[in-house]
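Report on one structure; see the data block that follows.
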There are 2 protein chains.
Amino acid sequence: MVQRRLLDIAVREFSLKGLEGASTRDIAAAAGTVMSSITYHYGGKEGLYLAAADYIAEQMGHGMVDGPVEAMDIAEPTPTEARLALQDLLGRFVDKMIDEQTAHWSLFIVREQMNPTEAFDRIWRGMMGHMMEHLVVLLRAATGRRDDKATRVAAITVVGQVITLRSSRASCLKLLGTAEFHEDDVAAIKARIASNIDALLDTLTAEQQEPQ
Amino acid sequence: MVQRRLLDIAVREFSLKGLEGASTRDIAAAAGTVMSSITYHYGGKEGLYLAAADYIAEQMGHGMVDGPVEAMDIAEPTPTEARLALQDLLGRFVDKMIDEQTAHWSLFIVREQMNPTEAFDRIWRGMMGHMMEHLVVLLRAATGRRDDKATRVAAITVVGQVITLRSSRASCLKLLGTAEFHEDDVAAIKARIASNIDALLDTLTAEQQEPQ
DNA sequence: GTCTATACTACGATAGAC
DNA sequence: GTCTATCGTAGTATAGAC
């Protein structure tokens, strides 16, 4: 399918070079067609860019959630269930950030993170927002915390530990003195993050029972 | 000075559009000169790109270290000193990641993180590497830990919590339901990260005394 | 739906005037 | 050092053939 191939290449090219830097001729040629099919299918370069954002939003969910995204929003687990679900979710998130598949579209997202356009809204609404809110729900359920802001700040520090594996990939690898993440590296990272989350949940719970 | 203006604009443009996407004509025009002065001063587009990388490496240190970078590598603090130095360093790092000044060059670095070229080596050698290694030294000193890998993995989870404030800026803001980081947001984030670091140091120290 | 042909603008590099 | 002029290449968009 031409449109699928166009989107695959577009994601890669827009990631590397941005909306302005990428060339529709190059994208079309790499997809085995000509530039004017982009005009036909997406109305032009910007249309393709937004379509690429939607395509990325869809791919973000692969391996992260089972079933429809909206189902995540309504669950109300017990503290123990929430703690397990958190560890499970973040473990899968680590795998995803280390997976080479992610490399193709993560720079696209970071660009939008720092300089948001309509494309970021689409990605946030499509998948990322639901996942982040789900994380907040799990954190709240695991700690019995009613202070919304504190929970959301905690969520930021939790995802930050994982996202860095992708957004600061070269630094992480230099720090570990390796050219690729190996099995034992990943295991060590996962264990450390799991431990950090456990400590954070304990602290948040304690703060809640004895505020200030 | 023409060269200074050229570098300022170049950093911004290369950040947003990458090496290929940015236009030397635009950069020169914004700096109040013409394209051929880039050829004259830097030998061409790539020369300007590398010069921009060096310029960024220099700016990264502002507000983070006093005195020369190399001085950081030799200190051997006590555990208490190290803990304080860690908290101080990370606090300043949070300020830097939230500072709008950082916005201009952070995407440049992330691009190089995910797709390293010679420019990343320059940035790493210039400042980032020294800071990261300094962090590892402080972590080791604070925990008395001799397991190098575990310390380095811990360092990754620590910087990750801070870097995310910049590399996932839009997500953090959406999560907090605000358009800008306000004073109380920053205070809450700093407190949370400080608490997380303390918990991590305690855990690392305990693990060391009673391995496995 | 997919292609060719064409129009127009912008790119980086370079040579040479001042 | 800084500029103008020019070359060859590559960019997006559009109209229209099939």
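Order of the sequence lines fixes the chain letters, A, B, ..., with proteins taken first and strands second; residue numbering starts at 1 for each chain. Nothing here was measured: the structure is a model prediction, and the numbers come from that model.
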One thing to verify: whether [Y] and [X] come together as a salt bridge, which I'm taking to mean a side-chain N less than 4.0 angstrom from a carboxylate O.
{"X": "A:Asp121", "Y": "B:Lys174", "value": "yes"}
{"X": "B:Arg4", "Y": "B:Asp8", "value": "yes"}
{"X": "A:Arg92", "Y": "A:Asp99", "value": "no"}

Distance check, rounded to the nearest 0.5 Å: [X] atom [atom1] versus [Y] atom [atom2]?
{"X": "A:Arg125", "Y": "A:Asp54", "atom1": "CZ", "atom2": "CG", "result": "10.5 Å"}
{"X": "A:Arg152", "Y": "A:Met132", "atom1": "CZ", "atom2": "CE", "result": "11.0 Å"}
{"X": "B:Thr117", "Y": "B:Arg122", "atom1": "OG1", "atom2": "CZ", "result": "9.5 Å"}
{"X": "A:Glu20", "Y": "B:Leu16", "atom1": "CD", "atom2": "CG", "result": "8.0 Å"}

Could you give the angle between the helix axes at the two ends of the helix from C:dG1-D:dC18 to C:dC18-D:dG1, with five pairs per end, rounded to 10 degrees? 10°

Over 12 non-hydrogen atoms of neighbours within 6.0 angstrom of CD in A:Glu100: yes

Residue-level proximity of residues 20-41 of chain B to DNA chain D when a heavy atom falls under 4.0 Å: B:Thr33, B:Val34, B:Ser36, B:Tyr40, B:His41

Of all nucleotides in DNA chain C with an atom under 4.0 Å from a non-hydrogen atom of chain B, which is the first and which the last going 5' to 3'? C:dC11 to C:dT14

Hey, does B:His104 have a side-chain heavy atom less than 4.5 Å from the side chain of B:Gln59? no

Over 60° means perpendicular and under 30° means parallel, so tell me whether B:Phe108 and B:Tyr49 are parallel, tilted or perpendicular. parallel

